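Labels below follow one simple rule: chain letters A, B, ... track the order of the sequence lines, proteins then strands, and each chain is numbered from 1. The structure presented is a predicted model; accordingly, all values stated were derived computationally and were not measured.
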Protein chains: 2
Amino acid sequence: MLKYEYIAKEIMNLIEDKDLRQGDKLPSLDELVSQFEVSKNTVIKALDELQSHGLIYQVRGSGIFVRGRRQKGYINMMEIQGFNSMLREFDLTSKVLELKEVIPSETVQAHLQIDADQPVYYLKRLRYIEGRIFCIEESYFDKNIVMYLNEQIAEESVFNYLTNNLKLQISFLDHYLRVGKLNQQNAAYLELQEGDPGIQVESIFYLANGVPFDYSKIIYHYEESQFFIQGNSYYNLMN
Amino acid sequence: MLKYEYIAKEIMNLIEDKDLRQGDKLPSLDELVSQFEVSKNTVIKALDELQSHGLIYQVRGSGIFVRGRRQKGYINMMEIQGFNSMLREFDLTSKVLELKEVIPSETVQAHLQIDADQPVYYLKRLRYIEGRIFCIEESYFDKNIVMYLNEQIAEESVFNYLTNNLKLQISFLDHYLRVGKLNQQNAAYLELQEGDPGIQVESIFYLANGVPFDYSKIIYHYEESQFFIQGNSYYNLMN
DNA sequence: CAGTGGTCTAGACCACTGC
DNA sequence: CAGTGGTCTAGACCACTGT
């Protein structure tokens, strides 16, 4: 593990252990430098990492402070961890409706940057939170990358399988969120009425080398889901 | 302007001017170093900045690549720019429904981290895109920070007023997104039916010193709004 | 003005990719 | 194995905050 990763992690642990809240002050840069016995830039690298993920903020001339912790029960759109760790205090289960190899539609081809002759896995699942229906998920996996998938894996955690077994390093992702009225079929799945609100999130997941390998479309139950997004300024870059 | 800011901006311009797309390669680190005549770390700082805002991605041993441009017409939840620059190709207008000084409710006190004896501005606006109703916005501004506000400013761009006139540097923000059914009053404003979907986004805006100064609650017209969110991994920090 | 964070450098050395 | 990105250092100097 790299030094700056270790330091970032230690600071995260410190916040967790001491139960620090929004605005609480962390040790100064100099203190961290001598505590970890590294150069200033290395500590700064760790801090920048934490800052860009919304855990802390640094105030010039004043100090380093804890940023409000993400509230429980929200889906954090900026994290790449699958729901299981995101909503880890909840009991999450899945039911596989369909798992098969298909020829990608044009939409899927475009999102996964592949041709029609490249087969993909199609997976459709219902997902439950504390036993209550939570969302309908349809995923397309590039079969060149996710070479094998079965029902049992899909029933458990695809995310864990990808990261732990296939050693795929998911590096970044894009989400597109829209809201509409549910059609009859989706309403039935979600145990709602036709015309009730439905939250549709399309997501594309990329590996570290920039290759997209998973395109998914989720329809959330509007009463069971809420989302959390953080932003950081880059006003200076815009002018 | 700092060197790394200048470099980041030049790279943004390069992408813009050459109309580079997802996966297109940028000049190598060494080339950038000699082009801008700065040290390697300074270029890296610029690149990290661009990366954390989702404009590029760096692949070790391979190169620096452009990340897909945010699609037009989406509200980018991670940027701090007000709608006017975010949806800049659209004609956006506002109608002020109410602007007054109020005693903050407990919710507002909590979000703005102030006491009941600190007055706040309350602003309620309807916002239009290309002449069509787009959202209902209610904002609360900490009057210690936003010391003056009038109808004319509110009719134009509060964001521009805050940044250009008051020289406030908005540094980070939190969004909470939920979906529900519209009540009769909000449906009327949005020219929809009671029970139609309504997208509610609560946002808290912070200054560079960590002080929250604006809490707003927006109800979007579900047919006129769609959202874009990007994420970057920090899997290594979680273990 | 002391304390604290931010920028920048020059250079050593490491790690990964793709031919 | 050449090219390219990533980590880390030690230190100089700058900029802002708060007392």
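The aromatic rings of Phe65(A) and Tyr57(A) lie parallel to each other, with less than 30° between the two planes, well short of the 60° mark. The aromatic rings of Tyr206(A) and Phe172(A) lie parallel to each other, their planes meeting at an angle below 30°, with 60° marking the opposite boundary. Ring geometry for Tyr140(B) versus Tyr122(B): interplanar angle of 30 to 60°, hence tilted.
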Base-pair string, DNA chain D, Watson-Crick plus G-U, cut-off 3.5 Å on both distances, | for inter-strand, is ||||||||||||||||||.

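Under a 3.5 Å cut-off, the side chain of Glu49(A) and the backbone N or O of Glu5(A) do not form any donor-acceptor pair.
Residues passing the side-chain hydrogen bond (donor to acceptor under 3.5 Å, both in side chains) test with Thr107(A), sequence neighbours excluded: none. Partners of Arg21(B) under the salt bridge (Lys or Arg N to Asp or Glu O under 4.0 Å) rule, at least two apart in sequence or in another chain, are Asp19(B). Remark: Lys3(B) pairs with no residue by the salt bridge (Lys or Arg N to Asp or Glu O under 4.0 Å) rule, at least two apart or across chains.
For the pair Tyr4(A) and dT7(D), the criterion of a side-chain N or O lying under 4.0 Å from OP1 or OP2 is met.
Remark on DNA chain D: of its neighbouring residues Asn41(B) and Pro27(B), the 5'-side contact belongs to Pro27(B), judged by nearest-heavy-atom nucleotide. The 5' end of DNA chain D is approached more closely, in terms of each residue's nearest nucleotide, by Glu31(B) than by the other of Glu31(B) and Ser39(A). Mapping Val43(B) and Leu26(A) onto DNA chain C by nearest heavy atom places Leu26(A) closer to the 5' end of the strand.
Counting any heavy atom pair closer than 4.0 Å across all strands shown, Leu47(B) reaches no nucleic acid atom.
Counting to the nearest Å, the P atom of dT4(C) and the CG atom of Leu29(A) are 10 Å from each other. Ile44(A) has its CD1 atom 14 Å from the C1' atom of dT7(D), to the nearest Å. Regarding Asp30(A), its CG atom lies at a distance of 10 Å from the P atom of dG3(C), rounded to whole Å.
Residue pairs meeting the salt bridge (Lys or Arg N to Asp or Glu O under 4.0 Å) criterion with at least one member in residues 206-215 of chain A: none, sequence neighbours excluded.
By the 4.0 Å N-to-carboxylate-O rule, Glu138(A) lies too far from Lys217(A) to be salt-bridged with it.
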Per-nt protein contacts along nucleotides 13-19 of chain C (heavy atom under 4.0 Å; B base, S backbone sugar-phosphate only, - none) come out as --BBB--

